[in-house]
Amino acid sequence: MSVSPPQAQQESRVKVPAGTTAGDAVQQAGLPSKGPEAVVVVRDDEGQLRDLAWVPETETEVAAVAADTEEGRSVIRHSTAHVLAQAVQQLFPEAKLGVGPPVKDGFYYDFDVDRPFTPEDLQALEKRMKQLVKSGQKFRRREYGSLDDARAELASEPYKLELVDLKSGSDEVDTSEVMEVGDGELTVYDNIDRHGETVWGDLCRGPHVPHTRFLPAFKLTRVAAAYWRGDQSNRQLQRIYGTAWESKEALDAHLEWLAEAERRDHRRIGAELDLFSFPEEVGSGLPVFHPKGGIIRRELEDYSRRRHEQAGYQFVNSPHITKSALFETSGHLGWYADGMFPPMHLDEERDENGELRKPGQDYYLKPMNCPFHNLIYRSRGRSYRELPLRLFEFGSVYRYEKSGVVHGLTRVRGMTQDDAHIYCSPDQLQDELKSLLGFVLDLLRDYGLEDFYLELSTRNEEKYSGTDEQWQRATDSLREAAESSGLELVPDPGGAAFYGPKISVQAKDALGRSWQMSTIQVDYDLPERFDLEYTAADGSKRRPIKIHRALFGSIERFFGVLTEHYAGAFPAWLSPVQAVGIPIADEHLPHLERVFDTLRSRGLRVELDSGDDRMQKKIRNHTTQKVPFMVLAGGKDVEADAVSFRFRDGSQLNEVPVEQAAAALTHWVQRRENASPSAENFGAELA
RNA sequence: GCCGCCUUAGCUCAGUCGGUCAGAGCGACGCACUCGUAAUGCGUAGGUCAGGGGUUCGACUCCCCUAGGCGGCUCCA
């Protein structure tokens, strides 16, 4: 399936004379006022979105914002959120309003209600919303005369009052991003019915569509709890999520996209293709990989291993548990004890009176590999000639993720990191970062991910270790490496780990969703903590800089992402079964056996389906199992010493000479072709 | 961790009001069928209704606890 967002419209510029509404000017200019291209708001020359009812004081040129643009959709979604809130307060008069912003693909609105909403409530609310939209309401902006006016009007809305107070209270809190109050004057949007009566209103900075007829397609999707203002110590409100679009067609396309995402869910595919499971007996977030998943995992790892060897990495191993002192030295216990499994207290001895004879000690499951690698570095004196020293480990780590966050393979409690630590001298840092980033992107591409952007996570002022100067240098080096890649770089202030800033590589999958993949972190802190040194050319002792980097991040997670990216139809080189042989009738089996012996001897993972299902049934079975190559043979094939191919997409290539078929298959797998084979592309291989 | 929902055969799911409701399809197994590109037919076996406690004459059904899952929130070295 391919979902391509509608092309961004060429924006129309419109001159709005002083004293005229933007809407009138837009209409004068002959721009659409209905349908998916209807103009819903305008953007002024300061980049601010304005209602169509907005009247500039002097003649101003504005850009018309159409419904089918991202900005236009946000306005539609926000206005739909208002209609939702109106419906909620009609059906649940005791409901107090939280906030209701547009979000990616939709909107939400938070409410404080006596009891949580049920799915039936959602249906009733959606029905009421449709009535409200159909009844035809205007959205009208109104300025509060003063803060006190606002407080008086909002006396029964405690959360809105809090927002007003926040805004007026001090400069400590930046409210410019808060939809309700913004950073300008305080305004309310009234919903006016067709008789001109004000039937509802909400504190809001706007802008809004002028009229509910600009809200042609929406759907309430789910309810959930959410902490007021995102703070765990605050009361939980009931959040209703919805989606809204400029047309029925756009809404349907979005719902189809959601359905496709559900079909691709790695948890579903993992069960369907017998790849992995989460036995209840083992524990939450602790996957086991079945033979077919094991093959994919091994292929992923083996290729990575090969590439790392070629790139000068050395492989190390470290145990899964350690005495607590190691994580005290590294600082992990100080920062992350909550996220670690609790210690095992071992070796304690008491005498017959119960008095402590030997204190014993705490062992922890490791949540990170890096402290171990520091010990390997420190195990003997290091020379500048050894740098950069690149240590790599597929290291299993365990993190006590909170029960509510564990999710399939993407958030687990036990995982294997492809973890590398590079120790280098200051003058090597820049080159090393640059080549590292190139290496990482290159390898991700080999697994079939093509579309990337980078994120630069900088210091969390509440949670860091090391000096300002170290952080500055580390951050600058990373930024320079990131910028030289030519990829888009998105800032992530405060997103760094305590020991250093990081670049993360975000990859988009086939559905356009972004996943955090590789991370690269520069660390001056841990070399200090572990007192790591090398001897420089002049005989002096120097401190190396450490680079942390994971490419898959966690193999489990990467596995999950690839599963969804390929919808389970893995490239042939990763497929657990690369080709299945299907005889037309039993008498054709010996011929296929010969062919499959050849394929097997060339290192392909192949199976011959000699079961007594009908041939059509076998094709169906192996199609649902997403086997890339089905190799059939009937009378005509036997006669011509040939086989016939059927591919995942249903296309076929008949009577291909055996030798040619085997060579093409082998070559396809060996060169790690990521495309799904079809008559077209595999036919080209044969030619 | 918090809020809500969910858990019936290996899988996907029916099961009304507390009272012949232990059911289907797929899968597995057996028999027959030997077939040219997505489901051959017939038969057999499989369940302490997630686990524990309670209410009741009687619990898959109602209540409580625990485990696991789902959707969010918070968190994510």
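Note: hydrogens, waters and symmetry copies are ignored here, and every other heavy atom, side chains too, is used. Residue numbers begin at 1 in each chain, while the letters A, B, ... track the order of the sequences.
With sequence neighbours left out, A:Gln470 forms a side chain to side chain contact (heavy atoms under 4.5 Å, CB included) with A:Thr467, A:Arg473, A:Tyr524, A:Glu528. In this structure, the side chain to side chain contact (heavy atoms under 4.5 Å, CB included) partners of A:Ala497, at least two apart in sequence or on a different chain, are A:Tyr336, A:Tyr499, A:Gln521. A search for side chain to side chain contact (heavy atoms under 4.5 Å, CB included) contacts involving A:Arg267 returns A:Asp265, A:His407, not counting sequence neighbours. Residues that satisfy the salt bridge (Lys or Arg N to Asp or Glu O under 4.0 Å) test with A:Asp586, not counting sequence neighbours, are absent from this structure. Under the rule for a side chain to side chain contact (heavy atoms under 4.5 Å, CB included), the partners of A:Ala585 that lie at least two apart in sequence or sit in another chain are A:Glu587, A:His588.
A salt bridge links A:Asp468 and A:Arg459; the closest N-O separation between the charged side-chain nitrogens and carboxylate oxygens is under 4.0 Å. For the pair A:Glu393 and A:Lys366, the salt-bridge criterion is met [side-chain N within less than 4.0 Å of a carboxylate O].
Atom CD1 of A:Ile240 and atom C1' of B:C5 are 15 Å apart (whole Å). Atom CD of A:Glu272 and atom P of B:G10 are 18 Å apart (whole Å). In this structure, A:Phe111 atom CZ and B:C3 atom C1' are separated by 16 Å, rounded to whole Å. Summarising the geometry, the separation between CZ on A:Arg115 and C1' on B:C5 is reported as 14 Å, rounded to the nearest angstrom. The interatomic distance linking A:Glu120 (CD) with B:C5 (C1') rounds to 11 Å, in whole Å.
Stems are defined here as 3 or more consecutive Watson-Crick or G-U wobble pairs with pairing distances under 3.5 Å; those involving RNA chain B are B:1-7 with B:67-73, B:10-13 with B:23-26, B:28-32 with B:40-44, B:50-54 with B:62-66.
Its glycosidic angle being more than 90° from 0, B:G15 falls on the anti side.
Pairs passing the side chain to side chain donor-acceptor pair (under 3.5 Å) check and including a residue from residues 620-630 of chain A, sequence neighbours excluded, read A:Asp609-A:His622. Residue pairs satisfying the salt bridge (charged side-chain N to carboxylate O under 4.0 Å, His left out) criterion with at least one member in residues 105-119 of chain A, sequence neighbours excluded, are listed as follows: A:Asp110-A:Arg239, A:Asp112-A:Arg235, A:Arg115-A:Asp121. Sorted by first and then second residue, the pairs that involve residues 627-643 of chain A and meet side chain to side chain donor-acceptor pair (under 3.5 Å), not counting sequence neighbours, are A:Asp637-A:Ser644.
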Nucleotide N/O of nucleotides 26-30 of chain B paired with protein N/O under 3.5 Å:
from  : atom 1 : to       : atom 2 : distance (Å)
B:G27 : OP1    : A:Lys617 : NZ     : 2.7

Provide a list of protein-nucleic acid N or O atom pairs under 3.5 angstrom, restricted to nucleotides 33-37 of chain B.
from  : atom 1 : to       : atom 2 : distance (Å)
B:C33 : N4     : A:Asp612 : OD2    : 3.4
B:U34 : N3     : A:Asp586 : OD2    : 3.1
B:C35 : O2'    : A:Ile584 : O      : 3.4
B:G36 : O6     : A:Gly635 : N      : 2.5
B:G36 : O6     : A:Lys636 : N      : 2.5
B:G36 : N1     : A:Asp637 : OD2    : 3.1
B:G36 : N2     : A:Asp637 : OD2    : 3.2
B:G36 : N2     : A:Ser644 : OG     : 3.1
B:U37 : O3'    : A:Arg646 : NH1    : 3.1
B:U37 : O2'    : A:Arg646 : NH1    : 2.6
B:U37 : O2'    : A:Gln652 : NE2    : 3.1
B:U37 : N3     : A:Gln652 : OE1    : 3.2
B:U37 : O4     : A:Asn654 : OD1    : 2.5

Practice item. Classify every nucleotide of nucleotides 68-77 of chain B by which part a protein heavy atom approaches to under 4.0 Å, writing B for the base, S for the sugar-phosphate alone and - for neither, in 5'-to-3' order. Key: SSSBBBBBBB

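Checking A:Gln652 against A:Asn654 by side-chain atom types alone, a donor-acceptor pair falls below 3.5 Å.
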